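These notes concern the structure reproduced below.
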Protein chains: 2
Amino acid sequence: MDTLAFDRHDHRSCIAAGVAQAEAQCASAGLQFTPVRRRVLEILLAGHRAMGAYDILEVLREEGLGSQPPVAYRALDFLVSNGFAHKIERLNAFVACSHMTEDHAPAFLICRACGSVAEAEIRLERGRLGEAAAQAGFTIERTVVEAEGLCPNCAEGRGA
Amino acid sequence: MDTLAFDRHDHRSCIAAGVAQAEAQCASAGLQFTPVRRRVLEILLAGHRAMGAYDILEVLREEGLGSQPPVAYRALDFLVSNGFAHKIERLNAFVACSHMTEDHAPAFLICRACGSVAEAEIRLERGRLGEAAAQAGFTIERTVVEAEGLCPNCAEGRGA
DNA sequence: GTTGCGATGAAATAACGTAACATCTATATC
DNA sequence: GATATAGATGTTACGTTATTTCATCGCAAC
Ligand SMILES: [Zn+2]
Ligand SMILES: [Zn+2]
Ligand SMILES: [Zn+2]
Ligand SMILES: [Zn+2]
(Lines give C-alpha, C1' and ligand atoms only; values in the text may rest on other atoms or scores of the structure.)
(Ligands and ions follow the chains in the order given, each with its own letter.)
Protein backbone atom coordinates (compact mmCIF):
# COMPACT_ATOMS: atom_id res chain seq x y z
CA MET A 1 0.00 0.00 0.00
CA ASP A 2 1.06 3.53 -0.71
CA THR A 3 -1.66 5.59 0.93
CA LEU A 4 -0.11 8.96 0.66
CA ALA A 5 -2.19 12.05 1.39
CA PHE A 6 -1.69 11.80 5.15
CA ASP A 7 2.05 11.42 4.79
CA ARG A 8 4.44 14.20 4.09
CA HIS A 9 5.33 14.04 0.43
CA ASP A 10 6.45 16.06 -2.56
CA HIS A 11 3.10 17.49 -3.39
CA ARG A 12 4.32 19.51 -6.33
CA SER A 13 4.92 16.28 -8.17
CA CYS A 14 1.39 15.10 -7.32
CA ILE A 15 -0.01 18.02 -9.26
CA ALA A 16 2.39 17.84 -12.16
CA ALA A 17 2.01 14.09 -12.53
CA GLY A 18 -1.77 14.25 -12.30
CA VAL A 19 -2.12 16.85 -15.00
CA ALA A 20 0.39 15.10 -17.21
CA GLN A 21 -1.37 11.76 -16.83
CA ALA A 22 -4.72 13.24 -17.68
CA GLU A 23 -3.32 15.10 -20.63
CA ALA A 24 -1.66 11.99 -21.99
CA GLN A 25 -4.72 9.82 -21.57
CA CYS A 26 -6.96 12.38 -23.21
CA ALA A 27 -4.60 12.65 -26.14
CA SER A 28 -4.50 8.93 -26.66
CA ALA A 29 -8.24 8.53 -26.24
CA GLY A 30 -9.20 11.45 -28.44
CA LEU A 31 -10.73 13.42 -25.56
CA GLN A 32 -10.58 17.17 -25.33
CA PHE A 33 -8.58 18.33 -22.33
CA THR A 34 -9.93 21.86 -22.48
CA PRO A 35 -8.82 24.81 -20.34
CA VAL A 36 -11.78 24.54 -17.97
CA ARG A 37 -11.31 20.81 -17.51
CA ARG A 38 -7.59 21.21 -16.98
CA ARG A 39 -8.10 24.00 -14.50
CA VAL A 40 -10.69 22.07 -12.50
CA LEU A 41 -8.35 19.12 -12.28
CA GLU A 42 -5.58 21.43 -11.11
CA ILE A 43 -7.86 22.90 -8.47
CA LEU A 44 -8.69 19.43 -7.21
CA LEU A 45 -5.07 18.34 -7.31
CA ALA A 46 -4.06 21.38 -5.29
CA GLY A 47 -5.04 19.62 -2.08
CA HIS A 48 -5.77 16.08 -1.02
CA ARG A 49 -9.22 17.07 0.06
CA ALA A 50 -12.72 17.02 -1.29
CA MET A 51 -14.10 20.18 -2.82
CA GLY A 52 -17.71 21.00 -3.53
CA ALA A 53 -18.74 21.95 -7.03
CA TYR A 54 -19.59 25.45 -5.85
CA ASP A 55 -16.18 25.90 -4.22
CA ILE A 56 -14.62 25.05 -7.53
CA LEU A 57 -17.02 27.28 -9.38
CA GLU A 58 -15.99 30.19 -7.20
CA VAL A 59 -12.38 29.78 -8.27
CA LEU A 60 -13.37 29.51 -11.90
CA ARG A 61 -15.46 32.63 -11.57
CA GLU A 62 -12.57 34.62 -10.12
CA GLU A 63 -10.43 33.52 -13.02
CA GLY A 64 -13.05 34.29 -15.63
CA LEU A 65 -13.38 30.67 -16.69
CA GLY A 66 -17.08 30.38 -15.97
CA SER A 67 -19.73 31.58 -13.63
CA GLN A 68 -22.71 29.24 -13.78
CA PRO A 69 -23.08 25.88 -12.00
CA PRO A 70 -23.18 23.79 -15.18
CA VAL A 71 -19.66 24.93 -16.01
CA ALA A 72 -18.33 23.28 -12.89
CA TYR A 73 -20.59 20.25 -13.06
CA ARG A 74 -19.78 19.58 -16.69
CA ALA A 75 -16.07 19.69 -16.08
CA LEU A 76 -16.46 17.47 -13.03
CA ASP A 77 -18.60 15.01 -14.98
CA PHE A 78 -15.90 14.80 -17.58
CA LEU A 79 -13.17 14.21 -15.04
CA VAL A 80 -15.19 11.64 -13.12
CA SER A 81 -16.40 9.81 -16.21
CA ASN A 82 -12.88 9.44 -17.43
CA GLY A 83 -11.38 8.43 -14.12
CA PHE A 84 -9.40 11.60 -13.42
CA ALA A 85 -11.45 12.44 -10.37
CA HIS A 86 -13.91 10.78 -8.01
CA LYS A 87 -17.01 11.90 -6.24
CA ILE A 88 -17.11 11.47 -2.49
CA GLU A 89 -20.76 10.66 -1.94
CA ARG A 90 -20.59 11.17 1.78
CA LEU A 91 -19.55 14.78 1.26
CA ASN A 92 -21.20 15.65 -2.02
CA ALA A 93 -17.77 16.70 -3.12
CA PHE A 94 -14.96 15.73 -5.43
CA VAL A 95 -11.29 14.70 -5.28
CA ALA A 96 -8.64 14.18 -7.88
CA CYS A 97 -7.77 10.56 -8.51
CA SER A 98 -4.51 9.30 -7.06
CA HIS A 99 -4.17 6.25 -9.29
CA MET A 100 -4.97 7.54 -12.73
CA THR A 101 -2.93 4.94 -14.51
CA GLU A 102 -4.80 1.82 -13.49
CA ASP A 103 -8.42 0.94 -13.84
CA HIS A 104 -9.55 0.63 -10.27
CA ALA A 105 -12.38 0.55 -7.76
CA PRO A 106 -11.54 3.37 -5.40
CA ALA A 107 -11.98 3.45 -1.64
CA PHE A 108 -11.48 6.51 0.51
CA LEU A 109 -10.32 7.40 3.99
CA ILE A 110 -11.87 10.71 4.98
CA CYS A 111 -10.57 12.59 8.01
CA ARG A 112 -13.42 14.36 9.75
CA ALA A 113 -11.06 16.76 11.48
CA CYS A 114 -8.80 18.09 8.74
CA GLY A 115 -10.82 17.05 5.72
CA SER A 116 -8.00 15.14 4.09
CA VAL A 117 -9.03 12.37 1.76
CA ALA A 118 -6.76 9.45 0.94
CA GLU A 119 -7.52 7.08 -1.88
CA ALA A 120 -6.85 3.39 -1.44
CA GLU A 121 -7.05 0.67 -4.01
CA ILE A 122 -9.61 -1.99 -3.24
CA ARG A 123 -9.33 -4.58 -5.98
CA LEU A 124 -12.83 -5.26 -7.21
CA GLU A 125 -14.22 -5.47 -3.73
CA ARG A 126 -13.48 -9.14 -3.37
CA GLY A 127 -14.35 -9.03 0.30
CA ARG A 128 -17.60 -9.61 2.08
CA LEU A 129 -19.53 -7.46 -0.31
CA GLY A 130 -18.37 -9.42 -3.31
CA GLU A 131 -19.38 -12.65 -1.63
CA ALA A 132 -22.76 -11.32 -0.63
CA ALA A 133 -23.41 -10.02 -4.12
CA ALA A 134 -22.35 -13.26 -5.80
CA GLN A 135 -24.53 -15.28 -3.50
CA ALA A 136 -27.50 -13.02 -4.14
CA GLY A 137 -26.95 -13.10 -7.89
CA PHE A 138 -26.32 -9.38 -7.92
CA THR A 139 -24.05 -7.91 -10.61
CA ILE A 140 -21.89 -5.14 -9.21
CA GLU A 141 -21.09 -2.37 -11.66
CA ARG A 142 -19.79 0.31 -9.37
CA THR A 143 -18.93 0.58 -5.70
CA VAL A 144 -18.87 3.39 -3.20
CA VAL A 145 -16.52 2.69 -0.33
CA GLU A 146 -15.83 5.52 2.05
CA ALA A 147 -14.51 5.36 5.60
CA GLU A 148 -14.80 8.35 7.86
CA GLY A 149 -12.64 8.84 10.91
CA LEU A 150 -9.43 10.43 12.09
CA CYS A 151 -6.21 10.53 10.17
CA PRO A 152 -2.97 9.86 12.05
CA ASN A 153 -2.08 13.54 12.18
CA CYS A 154 -5.39 14.55 13.73
CA ALA A 155 -5.66 11.53 16.04
CA GLU A 156 -2.77 12.80 18.16
CA GLY A 157 -3.71 16.28 19.20
CA ARG A 158 -7.45 16.30 19.33
CA GLY A 159 -10.52 14.40 18.14
CA ALA A 160 -10.61 10.90 19.59
CA MET B 1 -26.00 -14.67 4.48
CA ASP B 2 -29.66 -13.88 4.23
CA THR B 3 -29.81 -11.11 1.68
CA LEU B 4 -33.50 -10.96 1.17
CA ALA B 5 -35.03 -7.99 -0.66
CA PHE B 6 -34.38 -9.47 -4.11
CA ASP B 7 -35.92 -12.79 -3.16
CA ARG B 8 -39.59 -13.48 -2.95
CA HIS B 9 -40.56 -13.42 0.70
CA ASP B 10 -43.36 -12.72 3.10
CA HIS B 11 -43.08 -9.00 3.05
CA ARG B 12 -45.94 -8.45 5.45
CA SER B 13 -43.79 -9.93 8.17
CA CYS B 14 -40.91 -7.60 7.23
CA ILE B 15 -43.09 -4.63 8.08
CA ALA B 16 -44.60 -6.08 11.20
CA ALA B 17 -41.26 -7.28 12.52
CA GLY B 18 -39.55 -4.00 11.76
CA VAL B 19 -42.09 -1.90 13.56
CA ALA B 20 -42.20 -4.31 16.48
CA GLN B 21 -38.42 -4.33 16.79
CA ALA B 22 -38.22 -0.55 16.76
CA GLU B 23 -41.04 -0.25 19.24
CA ALA B 24 -39.42 -2.71 21.61
CA GLN B 25 -36.00 -1.11 21.39
CA CYS B 26 -37.43 2.34 21.96
CA ALA B 27 -39.32 1.13 24.99
CA SER B 28 -36.27 -0.48 26.52
CA ALA B 29 -34.05 2.50 25.73
CA GLY B 30 -36.48 5.13 26.90
CA LEU B 31 -36.93 6.61 23.45
CA GLN B 32 -40.20 8.03 22.19
CA PHE B 33 -41.60 6.09 19.28
CA THR B 34 -43.99 8.85 18.27
CA PRO B 35 -46.66 8.66 15.55
CA VAL B 36 -44.58 10.51 12.98
CA ARG B 37 -41.52 8.37 13.65
CA ARG B 38 -43.54 5.20 13.51
CA ARG B 39 -45.24 6.26 10.31
CA VAL B 40 -41.97 7.18 8.60
CA LEU B 41 -40.53 3.81 9.52
CA GLU B 42 -43.64 2.13 8.13
CA ILE B 43 -43.31 4.11 4.91
CA LEU B 44 -39.71 2.99 4.56
CA LEU B 45 -40.55 -0.59 5.44
CA ALA B 46 -43.28 -0.64 2.81
CA GLY B 47 -40.71 -1.34 0.14
CA HIS B 48 -37.13 -2.53 0.01
CA ARG B 49 -36.12 0.63 -1.78
CA ALA B 50 -34.63 3.97 -0.91
CA MET B 51 -36.93 6.94 -0.52
CA GLY B 52 -36.00 10.59 -0.56
CA ALA B 53 -36.96 12.78 2.36
CA TYR B 54 -39.34 14.72 0.16
CA ASP B 55 -41.06 11.58 -1.06
CA ILE B 56 -41.71 10.66 2.54
CA LEU B 57 -42.80 14.18 3.35
CA GLU B 58 -45.38 14.01 0.61
CA VAL B 59 -46.97 10.97 2.20
CA LEU B 60 -46.92 12.60 5.61
CA ARG B 61 -48.52 15.69 4.16
CA GLU B 62 -51.35 13.70 2.60
CA GLU B 63 -51.98 12.08 5.95
CA GLY B 64 -51.86 15.32 7.89
CA LEU B 65 -48.80 14.28 9.85
CA GLY B 66 -46.62 17.17 8.79
CA SER B 67 -45.98 19.40 5.85
CA GLN B 68 -42.59 20.99 6.24
CA PRO B 69 -39.20 19.44 5.44
CA PRO B 70 -37.93 19.44 9.04
CA VAL B 71 -40.73 17.07 9.99
CA ALA B 72 -39.41 14.42 7.64
CA TYR B 73 -35.75 15.10 8.34
CA ARG B 74 -36.22 14.97 12.09
CA ALA B 75 -37.99 11.66 11.96
CA LEU B 76 -35.34 10.30 9.62
CA ASP B 77 -32.56 11.57 11.87
CA PHE B 78 -34.16 9.76 14.77
CA LEU B 79 -34.50 6.52 12.84
CA VAL B 80 -30.97 6.68 11.47
CA SER B 81 -29.38 7.69 14.77
CA ASN B 82 -31.00 4.78 16.51
CA GLY B 83 -30.23 2.24 13.83
CA PHE B 84 -33.77 1.74 12.54
CA ALA B 85 -32.94 3.14 9.12
CA HIS B 86 -29.90 3.96 7.03
CA LYS B 87 -29.04 6.68 4.60
CA ILE B 88 -27.95 5.64 1.12
CA GLU B 89 -25.39 8.29 0.30
CA ARG B 90 -25.29 7.43 -3.35
CA LEU B 91 -28.97 8.26 -3.69
CA ASN B 92 -29.46 10.87 -1.01
CA ALA B 93 -32.23 8.67 0.22
CA PHE B 94 -33.18 6.37 3.07
CA VAL B 95 -34.04 2.71 3.68
CA ALA B 96 -35.36 0.83 6.68
CA CYS B 97 -32.76 -1.33 8.40
CA SER B 98 -32.99 -5.06 7.81
CA HIS B 99 -30.94 -6.11 10.82
CA MET B 100 -32.28 -3.98 13.63
CA THR B 101 -31.35 -6.43 16.30
CA GLU B 102 -27.58 -6.40 15.93
CA ASP B 103 -25.13 -3.56 16.01
CA HIS B 104 -23.68 -3.60 12.54
CA ALA B 105 -21.81 -1.80 9.79
CA PRO B 106 -24.22 -1.93 6.88
CA ALA B 107 -23.42 -2.47 3.22
CA PHE B 108 -25.91 -2.14 0.41
CA LEU B 109 -26.65 -3.63 -2.98
CA ILE B 110 -28.57 -1.11 -5.06
CA CYS B 111 -30.29 -2.16 -8.28
CA ARG B 112 -30.12 0.62 -10.80
CA ALA B 113 -33.03 -0.80 -12.78
CA CYS B 114 -35.73 -1.48 -10.20
CA GLY B 115 -34.39 0.58 -7.32
CA SER B 116 -34.41 -2.29 -4.86
CA VAL B 117 -31.92 -2.03 -2.03
CA ALA B 118 -30.66 -5.05 -0.13
CA GLU B 119 -28.73 -4.71 3.09
CA ALA B 120 -25.79 -7.00 3.78
CA GLU B 121 -23.81 -7.35 6.95
CA ILE B 122 -20.17 -6.45 6.56
CA ARG B 123 -18.53 -7.06 9.92
CA LEU B 124 -16.52 -3.97 10.69
CA GLU B 125 -15.03 -3.84 7.23
CA ARG B 126 -12.13 -6.07 8.11
CA GLY B 127 -11.20 -6.39 4.48
CA ARG B 128 -8.85 -4.39 2.35
CA LEU B 129 -10.09 -1.13 3.65
CA GLY B 130 -9.44 -2.12 7.24
CA GLU B 131 -5.90 -3.16 6.33
CA ALA B 132 -5.25 0.02 4.44
CA ALA B 133 -6.56 2.12 7.29
CA ALA B 134 -4.56 0.27 9.91
CA GLN B 135 -1.40 0.62 7.89
CA ALA B 136 -1.99 4.32 7.39
CA GLY B 137 -2.75 4.84 11.08
CA PHE B 138 -6.27 5.92 10.23
CA THR B 139 -9.03 5.36 12.77
CA ILE B 140 -12.28 4.34 11.10
CA GLU B 141 -15.41 5.53 12.84
CA ARG B 142 -18.01 4.97 10.21
CA THR B 143 -18.13 3.35 6.79
CA VAL B 144 -20.22 3.83 3.69
CA VAL B 145 -20.31 0.74 1.50
CA GLU B 146 -22.69 0.78 -1.41
CA ALA B 147 -22.61 -1.32 -4.56
CA GLU B 148 -24.64 -0.35 -7.58
CA GLY B 149 -25.60 -2.77 -10.31
CA LEU B 150 -28.30 -5.16 -11.41
CA CYS B 151 -30.29 -7.40 -9.12
CA PRO B 152 -30.97 -10.97 -10.27
CA ASN B 153 -34.53 -10.14 -11.26
CA CYS B 154 -33.52 -7.24 -13.49
CA ALA B 155 -30.42 -8.92 -14.91
CA GLU B 156 -32.53 -11.39 -16.87
CA GLY B 157 -34.88 -9.31 -18.96
CA ARG B 158 -33.04 -6.11 -19.61
CA GLY B 159 -30.16 -3.97 -18.33
CA ALA B 160 -26.88 -5.82 -18.69
C1' DG C 1 -18.75 26.51 -47.46
C1' DT C 2 -21.78 23.90 -45.07
C1' DT C 3 -22.94 20.26 -42.07
C1' DG C 4 -22.47 18.05 -37.72
C1' DC C 5 -20.74 17.38 -33.23
C1' DG C 6 -18.94 18.41 -28.93
C1' DA C 7 -17.89 22.33 -25.73
C1' DT C 8 -19.53 26.74 -23.58
C1' DG C 9 -22.57 30.47 -21.97
C1' DA C 10 -26.54 31.60 -19.52
C1' DA C 11 -31.19 31.51 -17.22
C1' DA C 12 -34.21 29.20 -14.68
C1' DT C 13 -35.58 25.72 -11.69
C1' DA C 14 -35.45 21.39 -9.20
C1' DA C 15 -33.88 18.58 -5.38
C1' DC C 16 -31.81 18.11 -0.98
C1' DG C 17 -31.00 19.89 3.61
C1' DT C 18 -30.71 23.17 7.85
C1' DA C 19 -31.15 27.26 11.16
C1' DA C 20 -33.89 29.44 14.18
C1' DC C 21 -37.67 30.24 17.05
C1' DA C 22 -42.21 29.51 18.92
C1' DT C 23 -45.16 26.09 20.93
C1' DC C 24 -46.69 22.03 22.77
C1' DT C 25 -46.58 17.63 25.60
C1' DA C 26 -45.08 14.34 28.49
C1' DT C 27 -43.06 13.29 32.37
C1' DA C 28 -40.66 14.25 36.99
C1' DT C 29 -40.57 16.62 41.18
C1' DC C 30 -42.44 18.96 44.78
C1' DG D 1 -52.40 19.35 41.45
C1' DA D 2 -48.82 23.04 40.33
C1' DT D 3 -44.55 23.67 38.36
C1' DA D 4 -40.21 22.90 36.14
C1' DT D 5 -37.75 20.40 32.62
C1' DA D 6 -36.58 18.03 28.51
C1' DG D 7 -37.86 16.48 24.33
C1' DA D 8 -41.02 16.61 20.32
C1' DT D 9 -43.46 19.32 16.87
C1' DG D 10 -45.07 23.44 13.81
C1' DT D 11 -43.53 26.94 10.79
C1' DT D 12 -40.81 30.29 8.34
C1' DA D 13 -37.09 31.16 6.00
C1' DC D 14 -32.95 30.11 3.98
C1' DG D 15 -28.76 27.55 2.26
C1' DT D 16 -26.61 24.07 -0.55
C1' DT D 17 -26.34 20.85 -4.30
C1' DA D 18 -27.64 19.61 -8.98
C1' DT D 19 -30.19 19.57 -13.47
C1' DT D 20 -32.94 21.14 -17.47
C1' DT D 21 -33.14 23.83 -21.39
C1' DC D 22 -31.90 26.58 -25.15
C1' DA D 23 -28.69 29.46 -27.52
C1' DT D 24 -24.01 29.93 -29.27
C1' DC D 25 -19.45 28.85 -30.52
C1' DG D 26 -15.39 26.33 -32.62
C1' DC D 27 -13.63 22.88 -35.04
C1' DA D 28 -13.26 19.11 -38.22
C1' DA D 29 -15.33 16.21 -42.00
C1' DC D 30 -17.34 16.20 -46.16
ZN1 LIG E 1 0.15 15.36 -2.81
ZN1 LIG F 1 -8.84 6.90 -8.26
ZN1 LIG G 1 -39.77 -7.55 2.70
ZN1 LIG H 1 -29.06 -2.06 9.09
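Computed from a predicted structure; not experimentally measured.
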Centroid separation B:His104 to B:His86 less than 6.0 Å: yes
Contact under 4.0 Å: B:Tyr73 side-chain N or O vs C:dG17 OP1/OP2: yes
Pairwise distance OG1(A:Thr139) to CZ(B:Arg112) - rounded to 0.5 angstrom: 9.0 Å
Overall bend - the helix from C:dG1-D:dC30 to C:dC30-D:dG1, comparing terminal axes fitted on five pairs, nearest 10 degrees: 20°
Could you tell me the separation between the [atom1] atom of [X] and the [atom2] atom of [N], rounded to a whole number of Å?
X	N	atom1	atom2	result
A:Leu65	C:dA10	CG	P	12 Å
A:Leu60	C:dA10	CG	P	13 Å
B:Leu57	D:dG10	CG	C1'	12 Å
A:Arg61	C:dA10	CZ	P	11 Å
B:Glu58	C:dA14	CD	P	14 Å

With a 4.5 Å heavy-atom cut-off, do [X] and [Y] have their side chains touching?
X	Y	answer
A:Arg61	A:Glu63	no
A:His48	A:Cys14	yes
A:Leu41	A:Phe33	yes
B:Leu65	B:Val71	no

Closest-nucleotide 5' rank along DNA chain C - winner of A:Pro69 and A:Gly64: A:Gly64
Donor-acceptor contact present, side-chain B:Arg37 to main-chain B:Ala75, <3.5 Å: no
Whether B:Phe84 and B:Phe78 hold their rings parallel, tilted or perpendicular, with breakpoints at 30° and 60°: tilted
base_contact_polar (C:dG17 base, B:Arg74 side chain, donor-acceptor, <3.5 Å): no
Donor-acceptor pair present, A:Tyr54 side chain and D:dG15 base, under 3.5 Å: no
Candidates D:dT11, C:dG17, C:dA10 - which lies nearest the side chain of B:Pro70: D:dT11
Residues, nucleotides or ligands: over 12 heavy atoms within 6.0 Å of A:Glu42 CD: yes
CD/A:Glu58: more than 12 non-hydrogen atoms of other groups inside 6.0 Å: no
DNA chain C contacts made by residues 27-41 of chain B, counting heavy atoms under 4.0 Å: none
Stretch residues 76-97 of chain A: residues that reach within less than 4.0 Å of DNA chain C through a heavy atom: none
B:Leu109 to A:Ala136 - nearest heavy-atom pair and separation: CD1-CB, 4.5 Å
